[in-house]
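Okay, so here's the structure we're looking at.
A, B, ... follow the sequence lines: proteins, then strands. Residue 1 opens every chain. Keep in mind the model is a prediction, meaning the values are calculated, not measured. FYI, side chains are in, hydrogens and waters are out, and symmetry mates aren't considered; it's all heavy atoms of this structure.
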Protein chains: 4
Amino acid sequence: MSQNRSENQDLRILRTRKMLREAMITLAIQKGFSSVTVNDIVELAMVNRATFYRHYQDKYDLVESYLDELYTELNAAPVSIPGPGEPNPRLMKLFEHIRDNAPFYRAMLGPRGYSGFADRIRRLTEATLRARWEALEGRTRMPPPMVLSYLSHASYGALVWWLEEGMSHSPEQMARWLHQLTLAAFQVD
Amino acid sequence: MSQNRSENQDLRILRTRKMLREAMITLAIQKGFSSVTVNDIVELAMVNRATFYRHYQDKYDLVESYLDELYTELNAAPVSIPGPGEPNPRLMKLFEHIRDNAPFYRAMLGPRGYSGFADRIRRLTEATLRARWEALEGRTRMPPPMVLSYLSHASYGALVWWLEEGMSHSPEQMARWLHQLTLAAFQVD
Amino acid sequence: MSQNRSENQDLRILRTRKMLREAMITLAIQKGFSSVTVNDIVELAMVNRATFYRHYQDKYDLVESYLDELYTELNAAPVSIPGPGEPNPRLMKLFEHIRDNAPFYRAMLGPRGYSGFADRIRRLTEATLRARWEALEGRTRMPPPMVLSYLSHASYGALVWWLEEGMSHSPEQMARWLHQLTLAAFQVD
Amino acid sequence: MSQNRSENQDLRILRTRKMLREAMITLAIQKGFSSVTVNDIVELAMVNRATFYRHYQDKYDLVESYLDELYTELNAAPVSIPGPGEPNPRLMKLFEHIRDNAPFYRAMLGPRGYSGFADRIRRLTEATLRARWEALEGRTRMPPPMVLSYLSHASYGALVWWLEEGMSHSPEQMARWLHQLTLAAFQVD
DNA sequence: ACGTAAGCGAGACGGTACGTCGCGTCTTACC
DNA sequence: GGTAAGACGCGACGTACCGTCTCGCTTACGT
């Protein structure tokens with residue numbers, strides 16, 4: 001499923017997928033992803049139910065395929081490790097992206113959201129942090145995987161706060177703060 | 001619902017609730033809380049379906065009522081703020097409790113678990129951390145609620161790592177490490 | 001399925017089954033049994049779709065259960081072998097019964113009907129004829145099962161003609177004719 | 001539909017139809033005509049779904065067009081009315097034809113077959129019998145159409161018995177027996 | 001022999017029915 | 001009053017076939 005994402009030029013397919021995706025996003029914002037049904041989606045998208053299943057296994061498959069696309073572009077960002085006070089560029093792009101799609105993210109991460117989504121975002125920051133794994137090795141007595149889990153969940157926690165609080169701080173500011181907090185953890189004995 | 005939790009002495013009621021709870025726990029361990037159905041529960045508990053609904057609204061209500069009881073006793077722990085190298089006693093008790101019920105926690109926190117459960121645990125550590133809120137106020141330029149969300153998610157992350165890794169470290173060790181990491185965050189800026 | 005037909009005293013069950021059966025009959029008459037859907041039936045019966053499946057596997061199960069009841073009473077008729085010019089009493093009862101439910105039978109036996117139904121009726125007359133099997137043994141060089149199949153299909157053919165022609169002859173007349181024709185076959189060398 | 005059967009010489013068309021027909025026959029034998037789907041047919045025939053519908057309305061149209069061809073040649077047989085002990089030549093040809101295609105006929109006439117097919121065969125023998133209609137008129141008090149329906153169904157019944165029993169008697173024998181039984185009916189009254 | 005119209009493959013799509021599952025409510029009878 | 005037994009309405013699920021519809025390719029035919 002979610003097959004042939006690349007190089008499928010059939011306009012009907014592209015149109016159908018676009019409408020399904022947009023319907024899903026609209027509905028998730030309206031009433032929370034967890035209470036969106038396939039019926040809701042196809043009705044709003046004006047697409048036949050069977051057609052939905054020709055493209056996606058279920059609503060999770062649909063949203064995941066959306067994320068695949070989103071995060072493919074995010075991953076194109078540079079990977080340079082920032083200096084002490086500078087924000088991580090990847091993290092900043094993530095914050096900017098979330099700010100631009102705030103209603104959707106609120107819908108997906110809230111209590112009526114989809115935990116797989118949250119996990120995915122967390123793993124994204126985890127991947128970013130893993131770049132400094134080697135620096136961590138041997139520098140502390142704590143198990144690096146634990147610190148990684150600690151920090152990635154921590155960043156996710158900051159992100160959630162930011163989203164729910166109304167995003168009154170700039171992505172840059174957020175990235176800078178997270179950077180500082182992360183550094184502090186790295187400097188623990 | 002979940003009513004009359006206090007002082008309800010009818011033995012039939014107590015027995016019914018006990019059996020429902022135990023069935024729920026067994027099943028959650030077996031196949032993950034999210035795929036447990038009310039039917040599963042009442043069948044294993046040998047209780048009639050309607051009887052379930054007389055006591056609980058749904059399986060979430062059942063598990064929450066269980067948590068209510070669990071965390072009432074956990075909250076009875078002392079609240080003293082520990083010194084630099086000492087583990088937080090509340091956190092330690094939590095880790096010990098989780099170690100003692102590891103299969104259940106793994107079932108509730110894993111990918112087939114229940115996100116409300118995770119949230120609840122996180123809020124528990126958040127409550128513990130909030131004790132140092134005032135100490136935080138003014139000491140950093142970061143918004144305290146953000147740091148709180150950051151740290152509580154972080155602790156949760158460490159906990160999840162610990163659970164899934166096999167709990168090869170002692171609760172005391174975990175609490176000590178978390179304490180160190182938390183302190184580091186407080187000293188930022 | 002079609003379970004517990006006997007001694008099930010729950011009024012709701014009886015009512016549900018009655019409404020489903022009547023809806024099925026009405027619809028079969030209206031548009032032919034083969035084009036009746038379960039949806040049609042439950043809609044007309046004002047019964048929920050799932051409820052239908054709690055009672056019957058499918059529309060065939062429903063109609064067969066109906067026939068079971070009908071033919072239980074028909075089988076209560078006497079089995080005496082009639083004299084040369086007298087009609088077979090069982091056959092007569094069958095013709096009378098069909099005359100009384102002509103629209104339904106036309107619906108079931110017509111081109112948009114249900115072949116299992118026709119088969120059932122044919123086997124009914126076959127059972128009646130089998131009573132004379134022993135008399136047949138040795139009296140002719142033809143294989144008795146062939147003659148049985150021949151005669152039961154033949155009777156069915158006469159019945160179908162009668163139904164479609166408008167039943168302008170009395171059941172007694174039909175039974176008498178069939179009796180004569182059957183006797184003739186028995187007297188073939 | 002089933003159009004242009006005559007004088008359509010395009011090889012592609014002929015090839016497509018041949019493959020569709022053969023696939024249908026193979027599948028009907030394998031699992032009974034009623035459970036063959038258009039998808040099954042086109043898959044086995046290695047023909048596109050749309051192409052099927054360019055030639056036939058549905059699987060019934062396909063099988064009927066096959067029968068049209070089969071029975072066109074059968075109808076070319078002589079129509080002489082046989083003497084008392086002689087078999088009807090047309091009936092014999094029919095029995096021979098069926099014997100040569102027994103698996104297919106069993107598939108079409110069995111419980112998972114196609115009732116329209118059975119009807120067609122029955123009407124074929126009916127047509128044969130109608131040749132003696134005039135001879136019947138006035139010779140008996142029974143309505144000739146009834147006798148016709150009686151006899152054609154009867155012959156069909158004998159045929160079915162023969163097919164399912166394993167065709168251990170020769171077509172000639174069958175035709176002779178049927179002839180005798182038919183004569184007996186004509187002599188009633 | 002070759003250009004062209006027809007046949008065809010590939011497969012998306014809308015539609016309708018299917019049978020299943022889980023939910024939460026209800027009635028009746030028992031103890 | 002708590003419980004068992006279980007019928008019921010509701011609504012979502014995912015599947016199976018159906019018949020229609022582009023859109024290009026290719027192939028047999030007719031000049």
Side-chain angles (χ1 to χ4, degrees), chain A residues 1 4 8-17 35-43 46-59 61, chain B residues 1 8 10-17 19 35-42 46-59, chain C residues 1 4 8-17 35-42 46-59 61, chain D residues 1 4 8-17 19 35-42 45-59:
Chain A
M1 268 298 159
N4 298 16
N8 205 327
Q9 71 286 36
D10 193 322
L11 283 182
R12 293 171 298 177
I13 294 178
L14 296 178
R15 178 164 40 83
T16 297
R17 292 198 169 155
S35 30
V36 173
T37 73
V38 174
N39 265 336
D40 292 340
I41 296 173
V42 299
E43 192 176 332
M46 289 186 300
V47 155
N48 188 274
R49 179 175 185 70
T51 301
F52 178 95
Y53 286 106
R54 257 176 227 123
H55 291 278
Y56 305 103
Q57 292 201 346
D58 46 35
K59 63 173 179 171
D61 191 26
Chain B
M1 273 296 159
N8 203 327
D10 191 320
L11 281 182
R12 292 171 297 179
I13 294 178
L14 295 177
R15 178 161 39 84
T16 298
R17 290 194 170 159
M19 298 180 79
S35 31
V36 173
T37 73
V38 174
N39 260 336
D40 292 340
I41 295 173
V42 298
M46 290 186 302
V47 155
N48 187 271
R49 182 175 184 68
T51 303
F52 177 96
Y53 286 105
R54 224 169 272 121
H55 292 279
Y56 305 102
Q57 290 202 345
D58 46 36
K59 64 173 178 172
Chain C
M1 269 299 157
N4 297 16
N8 205 326
Q9 72 286 37
D10 192 323
L11 285 181
R12 293 170 299 177
I13 295 178
L14 297 178
R15 178 164 38 85
T16 297
R17 291 197 169 154
S35 30
V36 173
T37 73
V38 174
N39 265 335
D40 292 339
I41 295 172
V42 299
M46 290 187 301
V47 156
N48 187 274
R49 179 175 184 70
T51 300
F52 178 96
Y53 287 106
R54 256 175 228 124
H55 292 277
Y56 306 102
Q57 291 202 345
D58 46 36
K59 63 172 179 173
D61 191 25
Chain D
M1 271 298 162
N4 300 14
N8 202 328
Q9 70 280 49
D10 191 320
L11 283 182
R12 291 171 296 182
I13 294 178
L14 296 177
R15 178 162 35 86
T16 297
R17 290 196 170 158
M19 298 180 77
S35 32
V36 173
T37 73
V38 174
N39 260 336
D40 291 340
I41 297 172
V42 298
M46 291 187 298
V47 156
N48 188 272
R49 182 173 183 71
T51 302
F52 177 95
Y53 286 106
R54 230 171 261 124
H55 292 278
Y56 306 102
Q57 289 201 347
D58 47 35
K59 64 173 180 173

Inset, instruction - Would you kindly compare A:Asp40 and B:Met46 by the position of their nearest DNA chain F nucleotide and give the one closer to the 5′ end? - result: B:Met46

Legend entry - Nearest-nucleotide comparison on DNA chain F, the residue closer to the 5′ end among D:Ala50 and C:Ala50: C:Ala50

Legend entry - Candidates F:dG9, E:dG9, F:dG19 - which lies nearest the side chain of C:Thr51: F:dG9

Inset, instruction - Measure the distance from CG on D:Leu11 to P on E:dA6 and round it to the nearest whole Å. - result: 17 Å

Legend entry - Least distance between heavy atoms, B:Asn48 atom then B:Val42 atom: O-CG1, 4.1 Å

Inset, instruction - Answer yes or no: does a side-chain N or O of C:His55 lie under 4.0 Å from OP1 or OP2 of F:dC8? - result: yes

Inset, instruction - For E:dC8, take OP1 and OP2 only and decide whether either is under 4.0 Å from a side-chain N or O of D:Thr16. - result: yes

Legend entry - Any donor-acceptor N/O pair under 3.5 Å between E:dA10 base and D:Asn48 side chain: yes

Inset, instruction - Among the candidates E:dG11, E:dC8, F:dC18, find the nucleotide nearest to the side-chain atoms of D:Val38. - result: F:dC18

Inset, instruction - State whether the distance check finds a donor on one side and an acceptor on the other, under 3.5 Å, for side chain C:Arg49 versus base F:dG9. - result: no

Legend entry - Side-chain heavy atoms of A:Thr16 within contact of A:Ile13, under 4.5 Å: no

Legend entry - Nearest-Å distance for atom pair CG/P, residues D:Asn39 and F:dT15: 15 Å

Inset, instruction - Using atom CZ of C:Arg17 as one end and atom P of F:dG6 as the other, report the distance to the nearest whole Å. - result: 14 Å

Legend entry - Whole-Å gap separating C1' (E:dG15) and CD (A:Glu43): 15 Å

Legend entry - Candidates F:dC18, F:dC29, E:dG15 - which lies nearest the side chain of D:Asp10: F:dC29

Legend entry - Length of the line joining D:Phe52:CZ and E:dG9:P, which is rounded to integer Å: 13 Å

Inset, instruction - Between D:Arg12 and C:Lys59, name the one whose nearest nucleotide on DNA chain E is closer to the 5' end. - result: D:Arg12

Legend entry - Distance in angstrom units between A:Leu14 CG and E:dG11 P, rounded: 16 Å

Inset, instruction - Report which part of the nucleic acid D:Arg15 touches: base, sugar-phosphate, or nothing (heavy-atom distance under 4.0 Å, all strands). - result: sugar-phosphate

Legend entry - Integer-rounded Å distance: E:dA17 C1' and C:Asp58 CG: 13 Å

Legend entry - Minimum heavy-atom distance C:Lys59-C:Val38, with the two atoms named: N-CG2, 4.5 Å

Legend entry - Spacing of C:Gln57 atom CD relative to E:dT20 atom C1', expressed in whole Å: 13 Å

Inset, instruction - Assess whether one donor atom and one acceptor atom, taken from the side chain of A:Arg54 and the base of E:dG14, lie less than 3.5 Å apart. - result: yes

Legend entry - Spatial distance of atom NE2 (A:His55) from atom CZ (A:Arg17) [nearest 0.5 Å]: 5.5 Å

Inset, instruction - Go through F:dA28, F:dC17, F:dG11 for me and flag the one nearest to the D:Thr37 side chain. - result: F:dC17

Inset, instruction - Between E:dG14, F:dC18, E:dC18, spot the one nearest the side chain of C:Tyr53, thanks. - result: E:dC18

Inset, instruction - Look only at the side chain of C:Asp61 and the backbone of C:Asp58, and say whether a donor-acceptor pair between them is shorter than 3.5 Å. - result: no

Legend entry - CZ-OG1 distance between B:Arg49 and B:Thr51, expressed to the nearest 0.5 angstrom: 11.0 Å

